[in-house]
Structures are given as C-alpha cells and as structure tokens.
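Every heavy atom of this structure was used, including side-chain atoms; hydrogens, water molecules and symmetry mates were not.
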Amino acid sequence: MSIGHSKGLKRAPNSMAEIRGLESVLAPFTCRLLFKFVYLFSVIVSSTAVKPHLLFILVDDYGYGDIGYHNILADGLLSTPHLDLLAGGGIKLEQYYVQPICTPTRSQLLTGRYQIHTGLQHGVIHPQMPSGVPTDMPLISNQLQSLGYRTHLVGKWHVGFYNNASCPWNRGFDTTLGYLGGEEDYWTHVRSPGFDFRRNGVPDHEDATEDNGNTSKYSTKLFRNEAIDLIQSHSSTYGNKTPMFLYLPFQAVHSPLQATEHWLSLQHPLEAFNGSTARRTLAAMVSNMDFAVGKIVAELRNAGMWNNTIVILSADNGGISPGGFNYPLRGQKATLWEGGVRVNGFIHSPLLTTTGFTYNGLVHISDWYPTLMALGGGSPETLRYLDGFNVWHAVTTNSSSPRSELLHNIDIFNGLGPHGVGNAAIRVGTLKLLVGAPGTGSWYIPPGCTTCRTPSLRTFFTSSKVEMCAADSGNTTLWLFDVVADPRETCNLAVARPADAARLLARLLVYNASQVPVVYPPNDPNADPALRHGIERGCWGPWLP
C-alpha cells in the first residue's frame with residue numbers, strides 16, 4: 001500500500017493485515033513528526049526555562065585555616081557558622097586553586113584566561129599604574145549580560161581603572177559600588193593619598209566616615225546592605241523571570257586589619273589568642289563577613305529567589321601573617337606554595353541534587369568563567385581561547401575533573417635563576433613543580449597552637465617505596481612535590497624523580513611559548529588624585545582617555 005492509496009481510502013481498514021500495512025507506511029512519517037515535535041518542544045522549554053541566579057562571593061586574603069571547617073585547632077576562636085552551614089550542605093572544593101595575589105586571581109575569574117595570556121603575570125595593579133585587563137577581552141559580566149542577566153558588582157574591583165573603558169561600569173555591570181583599587185581604610189575608604197569609593201562611577205562620600213564608631217559606613221556592612229537592597233529591588237521588579245548575577249568581592253579580610261567594636265566585643269579575650277591582637281582582630285573581621293553572608297542568604301529566601309540561586313564562595317589567595325593563617329599548608333599570600341594558592345571554596349544551591357560531600361578533583365579560579373557562562377545558557381565551548389573548563393557537571397556529580405593540570409604562573413619579569421626573583425609553577429596530576437623564587441616557604445603557625453610544629457624534612461614514604469627528600473638549601477631553585485600525598489610540601493622529590501621534574505618542566509616551556517609580554521608599567525604621576533577637578537578632586541579614578 002502506498003501513501004497515495006492511503007489518502008484515497010474510502011473505508012476504515014477492517015483486517016489486521018490492512019492495519020499492519022498502514023502502520024508500516026505511516027511509521028517513518030510518524031517518527032519524523034514525533035522528532036519534530038520533541039525538538040520544537042525542547043527549543044521552547046530551553047528558551048523559556050528560568051535561568052539560575054548566580055551569587056559569587058570572593059573573600060580577600062582569606063586563609064585556608066580561617067574558615068570553621070578547616071580550623072585544625074577546633075578551639076572556637078574563629079567561628080564561621082553561616083559559611084560552615086552552606087559548605088556542609090553544599091559541595092566543598094578541596095583541590096581548589098587561585099593565584100597568590102589579588103589582581104591575577106580577579107583577572108582570571110573575570111576572563112577565564114591564565115594571567116600569562118592577559119599580560120598580568122607580575123604583581124598587582126597599583127593605583128598609579130596605567131594597566132588593566134585588556135578591554136578587548138569580554139568579561140564574564142559581559143557574557144551574562146548578553147544572556148539576559150542583570151549584573152551587579154558590590155565590592156573590590158582591582159583589575160585596572162586608568163581609563164574609563166577599564167572601569168567596571170563599562171565592563172558589563174549594570175550597577176557598581178565599591179573600590180577601584182585595594183588596601184583602603186574600612187571606614188574612610190581612603191588609600192593614601194586619595195579617596196576610593198564609587199557608586200556607578202561617581203565618588204560616594206556619603207558612604208564614608210572618619211568615625212570608627214559608625215558601623216553603617218564600615219565596608220563589610222555597606223556591601224551587605226547594598227547586596228540586600230539589590231536583591232529586594234530585583235525581586236520586586238523582575239522576580240525570577242529575569243536572572244541576576246551578583247559579584248560580591250568583599251574587602252574583608254584584607255589589611256588594614258580593622259574591626260568594629262561590636263564584632264571585637266564578641267570575640268574571646270586577647271589571652272585566648274595568645275596575645276595576638278592581629279589574630280583577634282582578623283577573627284572579628286571574619287565573623288562580620290560570615291554574618292553578612294548569612295543575612296544575604298536570608299534575604300534571598302525572603303525575596304523568593306533562594307530556590308533558584310547558586311552560591312559560589314572563593315578566596316582570592318591565601319591568608320597572610322600576622323592575622324591570617326593557612327596551616328597546615330606551607331607558605332602564605334604572595335607565594336606559590338600551597339598556602340598561597342590553595343584556598344577555601346565551595347558551592348551551595350537548592351538546585352543541587354546531591355550535597356554534603358567533598359570534591360577532590362582539580363578546580364581553578366579560571367574555571368568559573370565557562371562554568372557560569374554555561375549555567376547562564378551560553379556556549380563557552382565555542383570560546384577556544386579560554387584556559388578554564390566548565391566544571392559544573394564534574395563537581396556536582398563527583399566525577400573526574402576535565403582539568404588534569406593547571407598553571408600557577410610564569411613570572412620572569414625580574415629574571416629567573418639563582419640571582420633572579422622570578423618564579424614559575426605548574427601542577428600536573430598530583431605533582432607540582434616550582435622553579436626560581438616561589439616566596440618564603442615557612443609554615444606559619446597560628447598563635448597559641450602548642451601542638452603545631454614546623455614539619456621537618458624527612459624520608460617520605462609513598463606506595464611502599466622510600467624516596468629521599470632533598471633539603472631546601474639556600475641555593476635550591478627547583479622543587480617537586482606530590483601535593484596529594486604530601487600537601488604540606490615537606491618532601492622535595494626533584495632529586496629522587498628527575499624524569500617527573502623534566503616532564504613538568506617541559507609543560508612549563510609549552511605554556512611559556514604562549515605567554516604575552518608582561519604589562520607592568522611605571523607609576524604615572526598624572527594619576528595623582530590632587531590633580532583632579534570638581535567632584536573628582538582628591539579621588540582615585542581614570543585619568544587617561
């Protein structure tokens with residue numbers, strides 16, 4: 001029977017043979033129609049599906065040991081109940097890496113590219129430096145904005161502001177509040193010799209004070225309240241129909257170590273901190289930040305947005321002494337040791353189907369760019385220039401990470417070798433190679449920790465094989481560690497495993513071949529806040545066209 005015959009049927013088929021014959025003729029067309037229906041339905045669903053709200057919290061100079069669930073002392077001196085609750089009910093990232101200082105971490109988060117591919121391999125951007133993330137590189141805020149997100153920056157920028165094109169209000173954020181640079185006073189918002197606090201590009205003196213008793217002007221509370229206001233406004237204006245991206249890079253707990261009297265009064269006496277005023281002050285700053293996160297989460301619940309929100313928390317680098325600690329990891333901020341680059345991080349969301357576990361696959365700060373872009377409905381796989389990976393499926397299903405290696409950095413601006421202070425480091429699998437001058441390699445011990453001891457170099461046992469550790473002499477410029485078996489980096493395997501050292505060095509050379517020139521210009525005297533006019537006088541801000 002042909003399809004032409006079926007169109008001409010004058011009667012219904014009255015035998016099984018006729019029915020089966022008709023089915024065989026119609027089956028291909030039925031399948032095609034069904035496929036078209038399913039395809040059109042999937043397109044409609046994907047185009048109308050509610051996209052998740054994205055809250056990315058970046059905590060400044062936040063030590064590995066300065067969050068409750070990593071505090072090896074378990075003495076209750078440093079308490080983070082809200083962060084612990086979110087991490088425990090979410091997914092903790094235990095092989096999570098960032099860069100050792102502020103600007104490089106932020107640049108990699110915002111661009112998805114290693115700093116060797118943005119020119120920011122060396123140091124941080126100082127207020128007078130005509131430097132920044134290249135303006136021809138779309139930031140994650142640009143990507144999410146193009147995907148229909150309302151985008152907000154509340155906190156610290158620190159990736160360049162020498163011209164207007166480099167400033168956050170021209171880089172994909174609908175609203176901005178906070179600092180352009182870093183290391184400002186928490187109340188006056190001054191980074192000597194200029195004022196550095198803006199709302200949507202305009203100097204915001206109303207949110208500054210010289211009265212340290214005025215807690216409403218303290219930056220952590222300012223950022224908390226601004227985030228809450230944005231959530232309330234978004235809920236009343238858009239609800240869940242329009243997604244929100246809230247980038248919340250706190251100033252806390254970066255120096256200067258300044259805490260409000262309220263939060264200091266809630267801490268244990270100074271004697272409990274073994275006389276360390278810095279540690280007690282940092283504990284108060286951490287408590288304030290933790291409380292702020294709790295209030296923001298509560299507002300997302302009140303606004304009816306929580307069930308469709310994904311929260312990601314990350315430190316921007318390790319803690320720094322005095323005050324911050326990364327013990328038992330080696331090193332601190334501004335070093336390539338684990339204490340400088342392996343940090344606290346977790347994911348929490350009511351959208352997660354499985355929670356309460358620790359993910360031990362490799363995750364790097366550059367991975368959030370493609371991950372957030374994909375969560376927002378974008379196609380990061382089409383961006384061949386990215387160094388980051390979309391890790392959402394791997395992390396949330398506790399499966400193998402798409403990342404098998406990560407570049408910590410290659411910085412040869414000041415030379416690399418016995419007389420240089422440059423450095424390079426890479427991790428491949430469980431092995432980590434450091435070259436040059438990675439920074440002071442001490443194990444900074446929290447005050448009052450009588451059971452902590454600086455690990456001594458020793459014979460290291462792994463897989464029933466004895467491997468001799470090479471001593472860290474003053475002339476050592478090459479280290480190889482198995483940072484899974486030896487996370488404290490106590491045993492330099494470079495001598496015992498020369499083939500592995502050579503293999504990782506070869507990978508470094510591959511990356512080195514792709515790096516762009518370092519952009520680290522001298523300070524420009526024209527950036528002086530005293531040279532500005534009108535409402536800009538005395539303020540840090542863009543000074544070039």
Side-chain donor or acceptor of [X] paired with backbone N/O of [Y] under 3.5 Å:
X	Y	result
Ser349	Val311	no
Arg330	Gly441	yes
Asn360	Gln95	no
Ser401	Leu362	yes
Asn288	Thr260	no
Asn423	Ala437	yes
His348	Leu86	yes
Ser141	Phe173	no
Asp185	Val190	no
Asn409	Ala425	no

How far does [atom1] of [X] sit from [atom2] of [Y], to the nearest 0.5 angstrom?
X	Y	atom1	atom2	result
Leu431	Leu480	CG	CG	5.0 Å
Asn142	Met373	CG	CE	11.0 Å
Leu83	Met289	CG	CE	5.0 Å
Leu177	Leu222	CG	CG	7.0 Å
Leu375	Ile312	CG	CD1	7.0 Å
Thr103	Met129	OG1	CE	8.5 Å

Are [X] and [Y] packed together at the side-chain level, in the sense that at least one heavy-atom pair is separated by less than 4.5 angstrom?
X	Y	value
Glu381	Pro370	no
Val483	Arg488	no
Phe250	Val293	yes
His122	Asn414	yes
Arg403	Ser366	yes
Leu248	Phe56	no
Asp66	Phe325	yes
Val391	Pro402	yes

Run through Asp367, Val159, Ile140, Ile365 and flag the one making a side chain to side chain contact (heavy atoms under 4.5 Å, CB included) with Leu109.
Ile365
Trp157, Tyr186, Tyr179, Trp187 screened by ring pair (Phe, Tyr, Trp, His ring centres under 6.0 Å) with Phe197, the one that passes
Tyr179
By salt bridge (Lys or Arg N to Asp or Glu O under 4.0 Å), Glu338 pairs with (sequence neighbours left out) Lys432
Results of salt bridge (Lys or Arg N to Asp or Glu O under 4.0 Å) for Glu226 - residues two or more places apart only
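Glu226: salt bridge (Lys or Arg N to Asp or Glu O under 4.0 Å) contacts with Arg199.
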For [X] and [Y], which I'm curious about, is there any donor-acceptor pair between the side chains at under 3.5 Å?
X	Y	result
Ser166	Asn163	yes
Ser219	Gln251	yes
Tyr96	Ser314	yes
Asn344	His70	yes
Glu405	Tyr511	yes

Residue pair [X] / [Y]: nearest heavy atoms and the distance that separates them:
X	Y	value
Gln143	Leu383	NE2-CD1, 3.7 Å
Leu282	Gly324	CD1-N, 3.8 Å
Tyr69	Ala87	CE2-CB, 3.5 Å
Arg171	Thr135	NH2-CA, 3.4 Å
Leu58	Tyr247	CD2-OH, 3.7 Å
Pro193	Trp540	CD-CZ2, 3.4 Å

Matching residue for [X] among [options] - test: side chain to side chain donor-acceptor pair (under 3.5 Å):
X	options	answer
Gln121	Gln115, Gln99, Gln515	Gln515
His254	Lys333, Glu184, His158	Lys333
Asn317	Asp61, Thr335, Asn326, Thr105	Asp61

Quick one: side chain to side chain donor-acceptor pair (under 3.5 Å) partners of Asp196, sequence neighbours excluded?
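Partners of Asp196 by the side chain to side chain donor-acceptor pair (under 3.5 Å) criterion come out as none, since no residue qualifies.
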Any cation-pi pair here, Lys92 with Tyr359, using under 6.0 Å and within 45°?
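So Lys92 doesn't make the cation-pi contact.
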Residue pairs involving residues 104-119 (criterion salt bridge (Lys or Arg N to Asp or Glu O under 4.0 Å); sequence neighbours excluded):
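Found Asp60-Arg106, Arg106-Asp316.
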Can you confirm if the aromatic rings of Trp337 and Trp479 lie within a centre distance of less than 6.0 Å?
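Ring-ring flag for Trp479/Trp337: true, centres closer than 6.0 Å.
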Holding to side chain to side chain contact (heavy atoms under 4.5 Å, CB included), I want the full list of residues that pass it with Cys539, two or more places apart in sequence or in another chain.
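Applying side chain to side chain contact (heavy atoms under 4.5 Å, CB included) to Cys539 gives Phe195, Arg198, Pro203, His205, Glu536.
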From CA spacing to verdict: side chain to side chain contact (heavy atoms under 4.5 Å, CB included), Thr111, Val133:
CA-CA 8 Å; Thr111 67; Val133 172; 3.5 Å; yes
Enumerate the side-chain hydrogen bond (donor to acceptor under 3.5 Å, both in side chains) contacts for residues 387-396, please, sequence neighbours excluded, ordered by first and then second residue.
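Listed once each, the pairs are His117-Asp387.
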Does the pair Tyr520 and Leu120 meet the rule for a side chain to side chain contact (heavy atoms under 4.5 Å, CB included), with working shown?
CA-CA 7 Å; Tyr520 198 74; Leu120 300 174; over 6 Å; no
Start with the C-alpha gap between His152 and Phe245, add the side-chain angles, then the distance that decides, and say whether ring pair (Phe, Tyr, Trp, His ring centres under 6.0 Å) holds.
CA-CA 6 Å; His152 309 282; Phe245 171 52; 9.0 Å; no
From CA spacing to verdict: side chain to side chain contact (heavy atoms under 4.5 Å, CB included), Gln258, Thr281
CA-CA 7 Å; Gln258 297 174 319; Thr281 302; 5.8 Å; no
